[in-house]
Protein chains: 2
Amino acid sequence: MKKKAVLNNNAVCQTRMTAIKDTMGILSGKWKFHILGTLIRGEKLRFMDLLREIDGIGTKMLSKELQDLEMNHLVKRTVFNTKPVTVEYEITEYGKTLSPIIEEIANWGIDYRNKLHKKSEVTV
Amino acid sequence: MKKKAVLNNNAVCQTRMTAIKDTMGILSGKWKFHILGTLIRGEKLRFMDLLREIDGIGTKMLSKELQDLEMNHLVKRTVFNTKPVTVEYEITEYGKTLSPIIEEIANWGIDYRNKLHKKSEVTV
DNA sequence: GAAATTAGTTTCCAAAAGGAAACTAATGGT
DNA sequence: ACCATTAGTTTCCTTTTGGAAACTAATTTC
C-alpha cells in the first residue's frame with residue numbers, strides 16, 4: 001500500500017497553505033514590497049515620483065505592479081483632470097494591514113545581516 | 001536640474017529595502033514556505049516523507065530547495081549510515097525564527113479570503 | 001533475476017518574469 | 001518647429017524558474 005501524507009493532510013494545514021499561496025501571490029514579483037513600502041511612507045505619490053523613488057524599476061514594471069496592487073485594493077489610483085494628466089497613487093487602509101508582514105520581513109533580514117557579520121567576515 | 005528620490009534616499013530606507021530583499025531572496029520560489037511549514041510542524045522528516053507531504057513538488061525542486069535552506073542554516077540535513085542510506089531533515093533553531101513571518105503571512109491570507117467572500121461592502 | 005526502495009542528479013523543455021527602447025497622445029514652453 | 005513632460009503601452013529580447021522523465025547506485029525483497 002502506498003504511503004500518504006500525514007502532516008499536511010488535514011483541513012487546517014490546507015487552509016494555511018492556501019492562505020500563504022494567496023498572500024505570496026499578491027506580493028509576488030521583484031517590486032511589490034518596494035512599491036508598498038514607499039507608498040506606506042509617502043502617502044500620495046505620482047507615477048513619476050514612484051519611478052524616481054524606486055531605484056532600478058522601469059515604466060513597464062511599475063505600471064504593471066501598480067495595476068496588480070490596485071486590483072487587490074491595496075493601492076488607490078486617482079486621475080486628475082489636469083493637462084497633462086496627473087495620477088496619484090496612495091496606499092489604502094487595507095494595504096496598510098500589510099505593514100506587520102513587511103515589518104517582520106524587514107526585521108528578520110536586518111537580523112540575518114547582523115548574524116552574518118558576527119559569525120564570519122563574509123560581506124554579501 | 002533632475003529631480004531625485006526623497007523618501008527612499010536615506011540610510012534607514014536603504015537598509016530596510018536590502019533587508020527585505022535578503023529575506024525574500026532566502027524565501028523565494030514556489031516551495032520554500034511549504035517545506036519550512038512542514039518541517040516546523042513535523043520535526044524530523046526524510047526526503048521521501050517531504051515528497052509525500054508537499055503536494056505537487058518533484059524531486060528536483062525538493063532537492064534544490066532543501067539545499068538552499070541548508071545553506072542558509074534554516075534546515076539541518078543528517079545522513080545515517082544505513083542501507084539504503086537514510087537522510088533526515090529538520091528545522092534549525094534559526095529556522096524557527098521565521099515562524100512569526102509565516103504566521104503573519106498565513107493569517108493575512110486567511111483574512112483576505114474571508115473579505116473576498118463577504119465582499120458585498122469592500123471598504124478600501 | 002527482476003523490481004522496489006533509498007536519495008538524489010541530469011537533461012531537456014516550456015512558461016513566466018523582467019528589462020530596454022520605442023512609441024502614443026495631449027499639451028506647455030522656447 | 002521642436003523639445004519636455006505627463007502616464008503609461010507595446011514590442012522584442014534575455015534570463016529565470018520550474019516540471020517531467022530518465023538516470024545513478026547500492027541494497028533488499030519477491
Side-chain angles (χ1 to χ4, degrees), chain A residues 1-5 17 20-22 24-36 38-39 42 44-72 75-90, chain B residues 1-5 17 20-22 24-36 38-39 42 44-72 75-90:
Chain A
M1 185 187 152
K2 209 176 159 191
K3 284 184 201 171
K4 285 194 72 179
M17 283 207 234
I20 290 170
K21 250 183 86 179
D22 284 350
M24 296 317 295
I26 288 165
L27 299 176
S28 69
K30 202 175 167 181
W31 301 107
K32 297 263 166 59
F33 281 104
H34 294 289
I35 295 172
L36 289 169
T38 304
L39 287 173
K44 286 179 186 173
L45 290 167
R46 295 167 62 180
F47 188 84
M48 292 306 285
D49 294 332
L50 285 164
L51 205 60
R52 278 184 288 265
E53 289 292 337
I54 299 163
D55 194 48
I57 200 169
T59 55
K60 194 190 84 171
M61 279 292 115
L62 180 56
S63 172
K64 188 228 154 209
E65 300 288 66
L66 283 169
Q67 279 171 28
D68 289 356
L69 294 171
E70 199 197 346
M71 251 193 293
N72 286 308
V75 161
K76 189 177 148 204
R77 178 176 180 270
T78 314
V79 182
F80 293 95
N81 203 10
T82 56
K83 301 150 191 173
V85 68
T86 304
V87 180
E88 264 181 15
Y89 291 94
E90 59 186 309
Chain B
M1 188 187 152
K2 208 177 158 190
K3 285 183 200 170
K4 284 194 71 180
M17 283 208 234
I20 290 170
K21 251 183 85 178
D22 284 351
M24 295 319 293
I26 287 166
L27 299 177
S28 69
K30 200 175 168 180
W31 301 108
K32 297 265 166 59
F33 281 103
H34 293 288
I35 296 171
L36 288 169
T38 304
L39 286 173
K44 284 178 187 175
L45 291 166
R46 293 165 64 179
F47 188 84
M48 292 306 286
D49 293 332
L50 286 164
L51 205 60
R52 277 185 288 264
E53 290 292 336
I54 300 163
D55 195 48
I57 200 169
T59 55
K60 194 190 85 171
M61 280 292 116
L62 180 55
S63 171
K64 187 227 154 208
E65 300 288 65
L66 283 169
Q67 278 170 28
D68 289 356
L69 294 171
E70 200 197 344
M71 253 193 292
N72 286 308
V75 161
K76 188 177 147 203
R77 178 176 179 271
T78 314
V79 183
F80 293 95
N81 202 12
T82 56
K83 300 151 192 175
V85 69
T86 303
V87 180
E88 265 182 15
Y89 291 93
E90 59 186 310

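All chains are named by letter (A, B, ...) in the order of the sequence lines, taking the proteins before the strands, and each is independently numbered beginning at 1.
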Among the nucleotides D:dA20, D:dG8, C:dT27, which one has an atom lying closest to any side-chain atom of B:K60? D:dA20
Closest of D:dA7, D:dG19, D:dT11 to the A:V85 side chain is D:dA7
Which residue, A:E65 or B:R46, contacts DNA chain C at a nucleotide closer to its 5' end, judged by nearest heavy atom? B:R46
Residue pair B:L62, B:W31: steps toward the side chain to side chain contact (heavy atoms under 4.5 Å, CB included) verdict: CA-CA 8 Å; B:L62 180 55; B:W31 301 108; over 6 Å; no
Tell me: CG of B:D49 to C1' of C:dT5, nearest whole Å? 13 Å
So, for A:T38 and A:E53, which heavy atoms are closest and what is the spacing to 0.1 Å? CG2-CB, 3.9 Å
Considering only heavy side-chain atoms of A:M61, the closest of C:dG18, D:dG8, C:dT9 is C:dG18
What is the separation between atom NZ on A:K64 and atom C1' on D:dT11, rounded to the nearest whole Å? 17 Å
In whole angstroms, the gap separating C1' of C:dA7 from CG of B:N81 amounts to 14 Å
Start with the C-alpha gap between B:R77 and B:L66, add the side-chain angles, then the distance that decides, and say whether side chain to side chain contact (heavy atoms under 4.5 Å, CB included) holds. CA-CA 9 Å; B:R77 178 176 179 271; B:L66 283 169; over 6 Å; no
Among D:dA7, C:dA7, C:dT5, which is the nearest nucleotide to the side chain of B:F47? C:dA7
Here the distance between atom C1' of C:dT6 and atom CG of B:L50, to the nearest Å, is 14 Å
Find the distance between CD1 (A:I57) and CZ (A:R52) and round it off to the nearest 0.5 Å. 14.0 Å
Suppose we call a contact any N or O donor and acceptor under 3.5 Å apart; does that hold for the side chain of A:K30 and the base of C:dG18? no
Between C:dA7, C:dT5, D:dA7, which nucleotide gets closest to the side-chain atoms of A:M48? D:dA7
Could you tell me how far apart A:E70 (CD) and D:dG8 (C1') are, to the nearest whole angstrom? 13 Å
d(CG, B:L62; C1', D:dA20) in whole Å: 15 Å
Is a side-chain N or O of A:K64 found less than 3.5 angstrom from the main chain of A:K60, in a donor-acceptor match? no
Quick one: on DNA chain D, does A:E88 or B:G29 contact a more 5' nucleotide (nearest heavy atom)? A:E88
For B:L66 and C:dT9, give me the distance from atom CG to atom C1', rounded to whole Å. 14 Å
Sugar-phosphate, base or nothing in reach of A:F80, heavy atoms under 4.0 Å: nothing
Check this one for me: any side-chain N or O of B:R77 less than 4.0 Å away from OP1 or OP2 of C:dG8? yes
Is there a side-chain polar atom (N or O) of A:T86 under 4.0 Å from OP1 or OP2 of D:dT6? no
Counting only side-chain heavy atoms from C-beta out, which of C:dA21, C:dT6, C:dG19 sits nearest to A:T59? C:dA21
So, under a plain 3.5 Å distance rule, would you say the side chain of A:T82 forms a donor-acceptor pair with the base of D:dT6? no
Among C:dA7, D:dG8, D:dG19, the one nearest A:Q67 by side-chain distance: D:dG8
